[in-house]
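Inspection log for the structure reproduced underneath, given as structure tokens.
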Amino acid sequence: MTELLNCAMDIGEQLLVCGAEIHRVEDSVKRICEAFGAVRTDVFIITSSMVVTVHDSNANTCTQTRRIISTGTDFEKIHCLNALSRKICSEQMTVSQIQTELARIAAVKPHPLWAECLFYAIISGAFTLFFGGGFIEAAVALVIGGLIRFAMWVADKTVGNRIFSKFLASFAATALAFAALKLGWVPTVDNMMIGIIMTLIPGIGLTNALRDLFTGDSIAGLLRSIEAVLIALAIAAGYFLFAALGGVVG
Amino acid sequence: MTFSEILQVITGCIGSFGFALLFNVRGKRLWIAALGGFLSWLIFLLLSRFIESEPINYFIVSFLISIYAEIMARVMKTPTTTFITTSLIPLIPGGSLYYTMAYAFQSDAGRFVEKAVYTLELAAALALGVIAATAFTKLFCNGLRVMGGKAND
């Protein structure tokens, strides 16, 4: 039973780390345990921790907890894990088969740094145009967008705090945007800043947080809401700090 | 449609595509996400000709796109979040948030409060649309199952 619970916990943990909704994770863990013949499964999951107890037909119980350090959003992994848990529920799989599958999924590599820089650049450039910027502004935002992803990488490697990374990214973006303004490349910083900020703001985080709240996962919803608010404040703080230092807004 | 509107629809689509890449969406699902971004801003622009209130428009678009996401998720056998998260990107009130920040810095209290409230209204409308669509889909699917003689699983 411990082995089975281990498997279910591994899948649940991976789902949470990749940013799946709480409701989905609880559901998957429960279904997997039941597919293996658990009579009763009690699952309690929030964004940072999992507690699962299974009861088998001989009245034995087994409980495990896991501390979750969530990283980012990886829909490819969530897709594979979801397919795996469906497979476990529909056909008989042995524990070792599941472990092989899990190892295969864990080996799916995230994007390399240069690719993420490129995606940030594309998003920043596209949204600068979207919010009414000109093509030159978009080109400058494109470059800045790529650079701030690199700045965030440096912050992650050295300080290792997500909120601080966003603060630094916002500070760097503001500094570079105003530098471009001073050099006379662009007429205003507003559109570029919006384009770049689109890559940083926790819009999706907030939407997911509200979804969690409304679907009954209040604690997870609150935790995610607070994180979204903190990130928004960090972005504002980065912008304020540079604007105050440079005294250029107005 | 004006040139700037066409440009917005295209760049909105690219934005969604960019986020889908960033969130490691792969294969066909990538194109569905980009199409969602394209549709979301297109519908928003078309509806804005009839609906004056932006938050109400946001709610309707967010509802429709979430339904699109729910359908596509079932077709592609993948979690709905994949498409909701990426398709609604053009609706995220980044502009409004930026101006809230800028007014706060300029100590322009009047305009700051106005923008802050507006940003919250847009964000709430967006989230409510998603939630309404989730509830609607559950109602619809479970309703079908009950009518088909099978009780909910």
Side-chain angles (χ1 to χ4, degrees), chain A residues 15 18-21 24 72-79 82-83 86 108 110-111 115-116 118-132 138 170 190-191 193-201 203-204 206-211 213-215 232 235-236 239-240 243-244 249-250, chain B residues 4 7-27 29-30 33 37 41 62 76-86 88-102 104-106 119 122-124 126-132 134-135:
Chain A
L15 277 169
C18 297
E21 317 112 279
R24 169 167 304 280
T73 312
D74 189 328
F75 284 128
E76 174 66 16
K77 271 193 188 166
I78 295 180
H79 176 78
N82 187 48
R86 272 167 191 261
V108 173
H111 289 297
E116 292 223 335
L118 182 69
F119 302 153
Y120 264 64
I122 293 171
I123 297 166
S124 305
F127 279 113
T128 302
L129 288 174
F130 184 87
F131 284 102
S170 163
D190 293 349
N191 299 320
M193 283 303 294
I194 298 171
I196 298 160
I197 280 175
M198 283 298 278
T199 60
L200 302 175
I201 58 170
I204 289 306
L206 193 64
T207 311
N208 283 338
L210 290 171
R211 272 185 87 194
L213 271 179
F214 278 88
T215 44
I235 295 169
Y239 170 81
F240 277 29
V249 168
Chain B
S4 76
L7 190 67
Q8 277 185 351
V9 173
I10 295 169
T11 49
C13 174
I14 298 173
S16 282
F17 186 74
F19 268 99
L21 284 169
L22 195 62
F23 292 153
N24 205 2
V25 178
R26 293 196 184 167
R29 285 166 279 141
L30 205 51
W41 200 251
S62 145
M76 302 302 293
K77 290 198 167 51
T78 200
T80 318
T81 339
T82 312
F83 301 127
I84 290 185
T85 312
T86 46
L88 289 175
I89 290 289
L91 292 182
I92 289 185
S96 183
L97 186 73
Y98 171 75
Y99 287 113
T100 308
M101 213 160 80
F105 185 78
Q106 293 159 18
T119 309
L122 291 180
L126 190 66
L128 280 177
V130 176
I131 293 158
T134 312

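Worth knowing before you read on, the calculation uses all heavy atoms, side chains too, and leaves out hydrogens, waters and symmetry mates. Each chain gets a letter, A, B and so on, in the order its sequence line appears, and its residues count up from 1. None of these values were measured; they are calculated from a predicted model.
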Exercise for review: Pick whichever of Leu118(A), Val108(A), Asp190(A), Ile235(A) has the most heavy-atom pairs under 4.5 Å with chain B.
Suggested key: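 When all of Leu118(A), Val108(A), Asp190(A), Ile235(A) are compared, Asp190(A) has the most.
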Practice item. Report the option among Arg24(A), Arg86(A), Glu116(A) that has the most heavy-atom pairs separated by less than 4.5 Å from atoms of chain B. Key: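 Ranked by contacts with chain B, first place is Arg24(A).
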Exercise for review: Could you check which of Thr100(B), Leu88(B), Val9(B), Ile89(B) has the highest count of heavy-atom pairs closer than 4.5 Å to chain A?
Suggested key: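 Top count of heavy-atom pairs under 4.5 Å with chain A: Ile89(B).
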Review point. Which one of Ala20(B), Gly27(B), Pro90(B), Ser62(B) has the most heavy-atom pairs closer than 4.5 Å to chain A?
Key: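 It is Pro90(B).
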**Study point:** Which portion of His111(A) sits near chain B, non-hydrogen atoms under 4.5 angstrom
**Key:**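 Just its side chain gets close to chain B.
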Exercise for review: Please flag which part of Phe127(A) lies under 4.5 Å from any non-hydrogen atom of chain B: side chain, backbone, both or neither.
Suggested key: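 Contact with chain B is through the side chain of Phe127(A) alone.
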Practice item. Test side chain to side chain contact (heavy atoms under 4.5 Å, CB included) on Thr85(B) and Thr73(A) and set out the steps. Key: CA-CA 10 Å; Thr85(B) 312; Thr73(A) 312; 5.7 Å; no
Could you tell me which non-hydrogen atom of [X] sits nearest to which non-hydrogen atom of [Y], and how far apart they are?
X: Gly94(B); Y: Ile201(A); value: CA-CD1, 3.8 Å
X: Pro79(B); Y: Asn82(A); value: CD-ND2, 3.7 Å
X: Arg26(B); Y: Glu76(A); value: CB-OE1, 3.3 Å
X: Ala126(A); Y: Gly15(B); value: CB-N, 4.1 Å
X: Met101(B); Y: Ile197(A); value: CE-CD1, 3.6 Å
X: Ala104(B); Y: Phe240(A); value: CB-CZ, 3.7 Å

Check your understanding: Side chain, backbone, both or neither: which part of Leu21(B) has a heavy atom under 4.5 Å from chain A?
Key ->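 Contact with chain A involves both backbone and side-chain atoms of Leu21(B).
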Can you tell me how far apart [atom1] ([X]) and [atom2] ([Y]) are? Round to the nearest 0.5 Å.
X: Ile10(B); Y: Phe130(A); atom1: CD1; atom2: CZ; result: 12.0 Å
X: Ile84(B); Y: Glu21(A); atom1: CD1; atom2: CD; result: 8.0 Å
X: Phe119(A); Y: Phe23(B); atom1: CZ; atom2: CZ; result: 12.0 Å

Review point. Which of these passes side-chain contact (heavy atoms from CB on, under 4.5 Å) with Phe75(A): Val25(B), Thr78(B), Asn24(B)?
Key: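 Going through the options one by one, the only one that passes is Val25(B).
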Exercise for review: Have a look at Leu22(B) and tell me which of Thr199(A), Ile123(A), Asp74(A) forms a side-chain contact (heavy atoms from CB on, under 4.5 Å) with it.
Suggested key: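 Exactly one option meets the side-chain contact (heavy atoms from CB on, under 4.5 Å) with Leu22(B), and it is Ile123(A).
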Exercise for review: Any chance you could lay out the side chain to side chain contact (heavy atoms under 4.5 Å, CB included) test for Tyr98(B) and Phe131(A), step after step, and finish with the verdict?
Suggested key: CA-CA 11 Å; Tyr98(B) 171 75; Phe131(A) 284 102; over 6 Å; no
Exercise for review: Using the side chain to side chain contact (heavy atoms under 4.5 Å, CB included) rule, take Met198(A) and Ile92(B) through it: C-alpha gap first, then chi angles, then the decisive distance, then the call.
Suggested key: CA-CA 8 Å; Met198(A) 283 298 278; Ile92(B) 289 185; 4.0 Å; yes
Practice item. Report the C-alpha separation of Thr82(B) and Ile78(A) in whole Å, then their side-chain angles, then the decisive distance to 0.1 Å, and conclude whether the side chain to side chain contact (heavy atoms under 4.5 Å, CB included) test is met. Key: CA-CA 9 Å; Thr82(B) 312; Ile78(A) 295 180; 5.8 Å; no
Check your understanding: Among all residues two or more places apart in sequence or in another chain, which pass the ring-ring contact (aromatic ring centres under 6.0 Å, His included) test with Phe17(B)?
Key ->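 So Phe17(B) forms a ring-ring contact (aromatic ring centres under 6.0 Å, His included) with Trp31(B).
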Review point. Are the side chains of Ile194(A) and Tyr99(B) in touch, meaning some heavy atoms are under 4.5 Å apart?
Key: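 Yes, at least one pair of side-chain atoms sits under 4.5 Å.
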